[in-house]
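Reviewing the structure listed below.
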Amino acid sequence: MRRALPLLAASLVMLAAAAAATPVAQGHNITKILAEHPEFSTFNHYLTVTHLAAEINRRLTITVLVVGNSGMADLLARHLSLLTLRNVLSLHILTDYYGAKKLHQLTGGSTLASSVFQSSGHATGTTGYINITDHRAGKVTFSAEDDGGAPPVDFVKSVKEMPYNISVLQVSTILSSPEAEAPVAAPAPVNLTELMSKKGCKAFADLILARPDILQTFQDNLDSGLTVFCPVDAAVNAFAPKYKNLTADGKASLLLYHGVPVYYSPQLLKSNNGVVNTLATDGSSKNFNYTVQNDGTDVTLETRVVTATITSTLIDQDPDAVYAVDKALEPRELFKVADAAAPAPAGSNKSKHASPPAPAGPEEAPADQDTSANSAFRITAVGLWLAPTVAALAASCLAVV
């Protein structure tokens, strides 16, 4: 045994070194990255306004071709609609990683990269693809597959690289694409209560219509971004006795609790877990938040009182989305937390299943400081924990020897 201990200790030391060297995947936030570079402030602003920042942050592998403020001024001078501007900027977001080094190692000297415009469904054929060409003397150019005869734009410099997560590259000017620049018809305004009434949430819509002040709050958020989780009629009917017992303020908070002042697409809900604030959070001293969890194709909302599952999408029209859920959402601020684990009898070795973890409480960081909606999810830094732990074990073994 004593002979084996030195070998074990040596192995543990090697494992600790390997763990320490293991790269830990980090999330990214394009808004914060570009905030460090004021020369891209206009580009950064319009990524947020067009909701493309959230699209960038939710992806694990992405390349952003940024343009300086002067180049953005030329684009804005065309007076494009916001929807058309979104298409043009989405052409500058590539769905693969291209660092400066990779640009000079293209097989055959060129490649065709897909953009977010291509994957959005708004591009016809291959018009959303970007040609990347590595020329002699280190020059690299980008051009849209549908460039309308415009000259390609030049690669200027690398702004930020997080291999192989996000690469931010500066290009000389805006990519030209008649397809992306084509006028986009504005979508019809969303009538929330009419939509919900027609798609299985009439009882919930009626509750909102009975409170004009609450309806106005929902409508005020339609332009800036809104996600609504409406319980189906059967769920509202089952919840009705509890709802009737609430005060007027409690009813208002309950209804607002079903709205989130941020646009969450189905893809974003399925790719992120975390705590979200609600319309009831604004102006309240209490949290009124819940946790979004996904398991494959299923997305649940956990309030600590109930867990509701999204059953269907009523509408997904950026910047608004409405989803049907199978239960009324009951905030822990108004209702008793369900089934906390009871303490085991003295001397008992049996344990019971613990209740789900609580959302951020009053003494914890507010949900709006959580970056799950504004950055790609982070992989747990196992290596950072493993290295010191294994090193400690190795030291113990050496001490025994």
Just do the side chain to side chain contact (heavy atoms under 4.5 Å, CB included) check on I315 and L195 with the steps written out, would you? CA-CA 8 Å; I315 189 172; L195 172 71; 3.3 Å; yes
Using the side chain to side chain contact (heavy atoms under 4.5 Å, CB included) rule, take Q317 and V190 through it: C-alpha gap first, then chi angles, then the decisive distance, then the call. CA-CA 9 Å; Q317 181 177 293; V190 177; 3.8 Å; yes
Give the intermediate values and the outcome of side-chain hydrogen bond (donor to acceptor under 3.5 Å, both in side chains) for residues N44 and T42. CA-CA 5 Å; N44 195 16; T42 305; over 6 Å; no
CA sep, side-chain torsions, deciding dist, call: L314, C230, side chain to side chain contact (heavy atoms under 4.5 Å, CB included): CA-CA 9 Å; L314 306 192; C230 66; 3.5 Å; yes
Side chain to side chain contact (heavy atoms under 4.5 Å, CB included) between N131 and F142, intermediate numbers included: CA-CA 6 Å; N131 289 296; F142 299 83; over 6 Å; no
Test salt bridge (Lys or Arg N to Asp or Glu O under 4.0 Å) applied to E194 and K198, step by step: CA-CA 6 Å; E194 180 179 340; K198 290 181 177 179; 3.0 Å; yes
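Checked by atom type and distance alone, the side chain of T303 never pairs as donor or acceptor with a backbone atom of P331 at under 3.5 Å. A donor-acceptor pair is defined here as one N or O able to donate and one able to accept, closer than 3.5 Å; no such pair exists between the side chain of T141 and the backbone of D154. Of the possible donor and acceptor atoms, none in the side chain of N287 sits under 3.5 Å from a partner among the backbone N and O of T281. Judged by distance alone, the side chain of H28 and the main-chain N or O of N165 form no donor-acceptor pair under 3.5 Å. With S253 contributing its side chain and D249 its backbone, the two residues share a donor-acceptor pair below 3.5 Å. T278 contributes a side-chain N or O that, together with a main-chain N or O of F288, makes up a donor-acceptor pair within less than 3.5 Å. Looking at T126, its side chain never comes within 3.5 Å of a backbone N or O of Y129 through a donor-acceptor pair. At distances below 3.5 Å, at least one donor-acceptor pair connects side-chain atoms of N29 with backbone N or O atoms of T31. N69 places a side-chain N or O within 3.5 Å of a backbone atom of P38 that can act as its donor or acceptor partner. Side chain of T63 to main chain of D96: a donor-acceptor pair is present (N/O by atom type, distance under 3.5 Å, no hydrogens or angles).
Rounding to the nearest 0.5 Å places CG of L94 at 12.0 Å from OG1 of T61. In this structure, H51 NE2 and I56 CD1 are separated by 13.5 Å, a value rounded to the nearest 0.5 Å. Distance check, rounded to the nearest 0.5 Å: OG of S177 to CG of N87 gives 9.0 Å. Once rounded to the nearest 0.5 Å, the distance linking CG of L47 with CZ of F40 reads 11.5 Å. Atoms OH and CG, on Y290 and L301 in that order, are 6.0 Å from each other to the nearest 0.5 Å. Here the straight-line distance linking atom CG of L207 with atom OH of Y243 works out to 4.5 Å at 0.5 Å rounding.
A salt bridge links E55 to R59: at least one charged side-chain nitrogen sits closer than 4.0 Å to a carboxylate oxygen. Taking 4.0 Å as the cut-off between side-chain N and carboxylate O, E181 and R78 count as a salt-bridged pair. Checked for salt-bridge contact, R211 and D206 miss the test: no charged N lies under 4.0 Å from a carboxylate O.
Remark: D295 CG is loosely packed, at most 12 non-hydrogen atoms of other residues, nucleotides or ligands lying under 6.0 Å away. Counting non-hydrogen atoms of other residues, nucleotides and ligands closer than 6.0 Å to CG of D282 gives a total of 12 or fewer. Heavy atoms of other residues, nucleotides or ligands lying less than 6.0 angstrom from NZ of K160 number 12 at most. Within 6.0 Å of NZ in K251 there are more than 12 heavy atoms belonging to other residues, nucleotides or ligands.
Residues V156 and V171 share a closest heavy-atom pair of CG2-C, 3.7 Å. The two atoms that bring A321 and Y264 nearest to each other are CB-O, 3.6 Å, heavy atoms only. Heavy atoms only, all atoms of each residue included: S167 and E161 are closest at OG-CG, 3.9 Å. Nearest heavy-atom pair across L91 and L175 is O-CD1, 3.9 Å. For A203 against N237, the heavy-atom pair with the smallest separation is CB-OD1, 4.4 Å. Annotation for N289 and V276: closest pair CB-O, 2.9 Å, computed over non-hydrogen atoms.
In this structure the side chain of F155 never reaches within 4.5 angstrom of the side chain of I132, judged on heavy atoms. Considering only heavy atoms from C-beta on, D298 stays 4.5 Å or farther from I310 through its side chain. For the pair V116/H92, no side-chain contact is recorded, criterion being any heavy-atom separation below 4.5 Å from C-beta on. Using a 4.5 Å heavy-atom threshold, the side chains of T300 and E302 count as touching. Using a 4.5 Å cut-off on side-chain heavy atoms (C-beta onward), I208 and F218 make contact. No side-chain heavy atom of T313 sits under 4.5 Å from any side-chain heavy atom of V322. Proximity of M72 to L89: side-chain heavy atoms (C-beta onward) are separated by under 4.5 Å at one or more points. Residues L76 and L85 form a side-chain contact, since some pair of their non-hydrogen atoms from C-beta on lies under 4.5 Å apart.
Considering V260, D220, T217, N221 in turn, N221 is the only one that fulfils the side chain to side chain contact (heavy atoms under 4.5 Å, CB included) rule with L226.
Ring centers of H122 and F117: at least 6.0 Å apart, outside the cut-off.
Note on ring orientation: taking the six-membered ring where Trp is involved, the planes of Y323 and F229 are parallel (angle under 30°, cut-offs 30° and 60°).
For the pair K242 and F239, the NZ or CZ position fails the cation-pi test of under 6.0 Å to the six-membered ring centre and within 45 degrees of the ring normal.
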